[in-house]
Participant: 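Pasting in a structure now, in structure tokens, and then I'll have a few things to ask.
Every chain is numbered from 1 and lettered A, B, ... according to where its sequence line falls, protein lines coming before strand lines.
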Amino acid sequence: MTLIRLPVPEEFSFDLSLQFLRRSPKELLHRLEHDKVLKLMQVEGKLILFTVMSGKGSLNIDILQGDLNPTGREIVRSYVREWFDLETDLRPFYKLARKDTLLRDLVRKYRGYRIIGQLDLFESLIWAVLGQQINLSFAYSLKQRFVEQFGQTIEHENQKHYLFPSAAKVSTLAPEQLLLLQFSRQKALYTIGIAQAFVEGRISKDKLSGMTLQEAKEELIRIKGIGNWTANYALMKTFRYPDAFPLEDAGLHNAIKNLMGLNSKPDVNRIKKIFKPYKGWEAYATLYLWKSLEDFISSSKK
DNA sequence: CGCCAGGTTAGAG
DNA sequence: CTCTAACATGGC
């Protein structure tokens with residue numbers, strides 16, 4: 001049994017992180033148990049199953065299955081640190097938000113909420129494509145079938161744990177195999193095309209790392225199926241650019257509409273104006289605006 | 001003939 | 001450069 005401790009910043013909420021990870025019961029890429037999360041990942045070619053739970057001023061990682069040498073342990077440690085966004089100092093953002101009526105209450109209510117990463121670029125792009133133009137619930141259904149059908153699995157204590165399907169595997173699929181899962185033809189072609197772009201080395205996380213936001217965005221948008229929204233989403237969740245955010249996102253528009261009591265969705269110029277004070281922190285402003293959607297749904301149901 | 005969803009593309013104007 | 005139809009189906 002291997003235990004790794006990871007110190008956490010003051011402005012960090014493990015509960016809010018778990019809440020996010022609990023968002024859909026159809027999620028197969030991690031499993032939630034009481035107050036901890038189990039995740040399967042590939043480390044130096046080996047499958048490693050670990051848990052993350054909260055400790056005193058730390059996150060504690062426990063390796064449940066798989067052998068790790070010191071290098072491997074370090075890979076898992078930095079993976080979790082990045083996954084839970086422990087590197088970011090949120091204080092400058094909170095300082096800005098306290099001056100803004102739109103976000104003031106939200107950052108107080110959800111203090112310590114951070115961007116849960118999607119560190120695998122391939123996964124991030126495919127997930128964004130699946131979510132294009134459909135409701136989240138259906139997007140999760142598509143993802144569930146996709147992962148069940150094409151992802152690698154292991155069994156641990158009678159439960160299955162899944163890896164996201166590899167680009168190599170997906171690149172060999174015929175569109176019809178995805179149509180069976182209720183992908184639209186368009187989504188099926190995008191999915192396979194993106195996988196082929198990875199296999200052929202036209203795109204990779206390494207290749208984009210170190211680029212400026214603008215450069216990386218342009219690289220991503222070259223790939224069919226990836227537009228501005230998807231590129232920004234990936235740059236936000238995978239590369240953690242704090243200033244990347246999907247300006248045209250429908251959820252974001254609804255959040256602003258609700259919070260400001262507008263009759264219709266805000267236009268692009270209004271959104272740009274709203275984000276102006278958050279230069280360099282747009283991703284976090286977006287995160288908290290998305291979070292506000294839950295409040296609105298639950299209050300409108302009452 | 002119900003409208004909108006965490007959009008993107010190709011093609012027209 | 002901007003605008004629009006087509007895409008496919010679930011959720012409310």
Participant: Need to verify one output field. Residue with the more 5' nearest nucleotide on DNA chain B, Ile221(A) or Gly251(A)?
Facilitator: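 Result: Gly251(A).
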Participant: Return the value, rounded to whole Å, for the distance between atom CG of Asn228(A) and atom C1' of dT9(B).
Facilitator: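 Value for this atom pair: 14 Å.
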Participant: Would you say Lys265(A) reaches dA5(B)'s phosphate, i.e. side-chain N/O to OP1/OP2 under 4.0 Å?
Facilitator: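 So the side chain of Lys265(A) is within the cut-off, an N or O lying under 4.0 Å from OP1 or OP2 of dA5(B).
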Participant: Only pairs under 3.5 Å count here: list side-chain donor-acceptor contacts from residues 243-254 of chain A, not counting sequence neighbours, and write none if there are none.
Facilitator:
residue, atom, partner, partner atom, Å
Glu248(A), OE2, Asn228(A), ND2, 2.9
Asp249(A), OD1, Trp229(A), NE1, 2.8
Asp249(A), OD2, Gly251(A), N, 2.9
Asp249(A), OD2, Leu252(A), N, 2.8
Asp249(A), OD2, Trp290(A), NE1, 2.9
His253(A), NE2, Leu247(A), O, 2.9
His253(A), NE2, Asp249(A), O, 3.3
Asn254(A), ND2, Ala250(A), O, 3.4

Participant: Report the distance from atom NZ of Lys257(A) to atom P of dC4(B), rounded to the nearest whole Å.
Facilitator: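 To the nearest whole Å, that distance equals 10 Å.
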Participant: For a quick test of your reading: what N or O donor-acceptor pairs under 3.5 Å do the side chains of residues 178-189 of chain A make, sequence neighbours left out?
Facilitator:
residue, atom, partner, partner atom, Å
Gln182(A), OE1, Arg145(A), NH1, 2.9
Gln182(A), OE1, Arg145(A), NH2, 3.3
Ser184(A), OG, Lys187(A), N, 3.1
Gln186(A), NE2, Tyr190(A), OH, 3.3
Lys187(A), NZ, Val129(A), O, 3.0
Lys187(A), NZ, Leu130(A), O, 3.3
Lys187(A), NZ, Gln132(A), O, 2.8

Participant: For atom C1', what is the distance between dA5(B) and dA8(C), given to the nearest Å?
Facilitator: 12 Å
Participant: Counting only non-hydrogen atoms, which of residues 268-287 of chain A are less than 4.0 Å from DNA chain B?
Facilitator: none
Participant: What is the distance, rounded to the nearest whole Å, between atom CD of Glu248(A) and atom P of dC3(C)?
Facilitator: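 Taking CD of Glu248(A) and P of dC3(C), I get 15 Å after rounding.
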Participant: What residue pairs, at least two apart or across chains, pass side-chain hydrogen bond (donor to acceptor under 3.5 Å, both in side chains) with a residue in residues 191-200 of chain A?
Facilitator: Glu200(A)-Arg202(A)
Participant: Without decimals, in angstroms, what is the distance between Trp127(A) CH2 and dG7(B) P?
Facilitator: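 To the nearest whole Å, that distance equals 12 Å.
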Participant: Using residues 217-224 of chain A as the side-chain source, report each donor-acceptor pair under 3.5 Å to any protein atom, sequence neighbours left out, with the distance given to one decimal.
Facilitator:
residue, atom, partner, partner atom, Å
Lys217(A), NZ, Asn232(A), OD1, 3.3
Glu219(A), OE2, Arg222(A), NE, 3.2
Glu219(A), OE2, Arg222(A), NH2, 3.4

Participant: Measuring only between side-chain heavy atoms, which start at C-beta, is Ile203(A) closer than 4.5 Å to Ile194(A)?
Facilitator: no
Participant: Pair up each side-chain donor or acceptor in residues 63-71 of chain A with any protein partner under 3.5 Å, not counting sequence neighbours, and list the distances.
Facilitator:
residue, atom, partner, partner atom, Å
Gln65(A), OE1, His156(A), ND1, 2.8
Asn69(A), OD1, Thr71(A), N, 3.1
Asn69(A), OD1, Gly72(A), N, 2.7

Participant: Using a cut-off of 4.0 Å on non-hydrogen atoms, how would the nucleic acid contact of Ile223(A) be classed: base, sugar-phosphate, or nothing?
Facilitator: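 Sugar-phosphate, backbone atoms only, no base.
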Participant: What integer distance in Å separates Leu293(A):CG from dC12(C):P?
Facilitator: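 Roughly 14 Å, once rounded to whole Å.
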Participant: Take the protein atom CG of Leu178(A) and the nucleotide atom C1' of dC7(C), then report the distance between them rounded to whole Å.
Facilitator: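 Rounded to the whole Å, the gap is 16 Å.
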Participant: Examine Trp281(A) together with Tyr278(A) and report whether their ring centres are nearer than 6.0 Å.
Facilitator: no
Participant: At 4.0 Å (heavy atoms only), tell me whether Thr230(A) reaches a base, stays on the sugar-phosphate, or touches nothing.
Facilitator: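 Sugar-phosphate contact only - Thr230(A) comes under 4.0 Å of backbone atoms but never of a base.
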Participant: Taking side-chain contact (heavy atoms from CB on, under 4.5 Å) as the test, write out the residues that go with Glu10(A), two or more places apart.
Facilitator: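 Glu10(A): side-chain contact (heavy atoms from CB on, under 4.5 Å) contacts with Arg111(A).
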Participant: Can you list every ring-ring contact (aromatic ring centres under 6.0 Å, His included) pair that touches residues 19-71 of chain A, not counting sequence neighbours?
Facilitator: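 Matches after skipping sequence neighbours: none remain.
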Participant: Report which part of the nucleic acid Ile226(A) touches: base, sugar-phosphate, or nothing (heavy-atom distance under 4.0 Å, all strands).
Facilitator: sugar-phosphate
Participant: Show me the pairs that pass salt bridge (charged side-chain N to carboxylate O under 4.0 Å, His left out) and involve residues 112-141 of chain A, at least two apart or across chains.
Facilitator: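 Every pair satisfying salt bridge (charged side-chain N to carboxylate O under 4.0 Å, His left out) with a residue in residues 112-141 of chain A: there are none.
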Participant: Can you name the side chain to side chain donor-acceptor pair (under 3.5 Å) partners of Thr238(A), sequence neighbours left out?
Facilitator: Ser124(A)
Participant: Assess whether salt bridge (charged side-chain N to carboxylate O under 4.0 Å, His left out) is satisfied between Asp295(A) and Lys109(A), documenting all intermediate values.
Facilitator: CA-CA 11 Å; Asp295(A) 294 349; Lys109(A) 182 169 180 185; 3.3 Å; yes
Participant: Report, one pair per line, the protein and nucleotides 10-13 of chain B atoms (nitrogen or oxygen only) whose separation is under 3.5 Å.
Facilitator:
residue, atom, partner, partner atom, Å
dA10(B), OP1, Lys224(A), NZ, 2.9

Participant: Given atom CG of Asp249(A) and atom P of dG7(B), what is their separation to the nearest angstrom?
Facilitator: 6 Å
Participant: At a cut-off of 3.5 Å, list every protein nitrogen or oxygen paired with a nitrogen or oxygen from nucleotides 8-10 of chain C, distance to 0.1 Å.
Facilitator:
residue, atom, partner, partner atom, Å
dA8(C), OP1, Arg185(A), N, 2.3
dA8(C), OP1, Gln186(A), N, 3.4
dG10(C), OP1, Gln182(A), NE2, 2.9
dG10(C), N3, Asn135(A), ND2, 3.0

Participant: Could you state the atom-to-atom distance from CG of Asp267(A) to P of dT2(C) in whole Å?
Facilitator: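 Roughly 14 Å, once rounded to whole Å.
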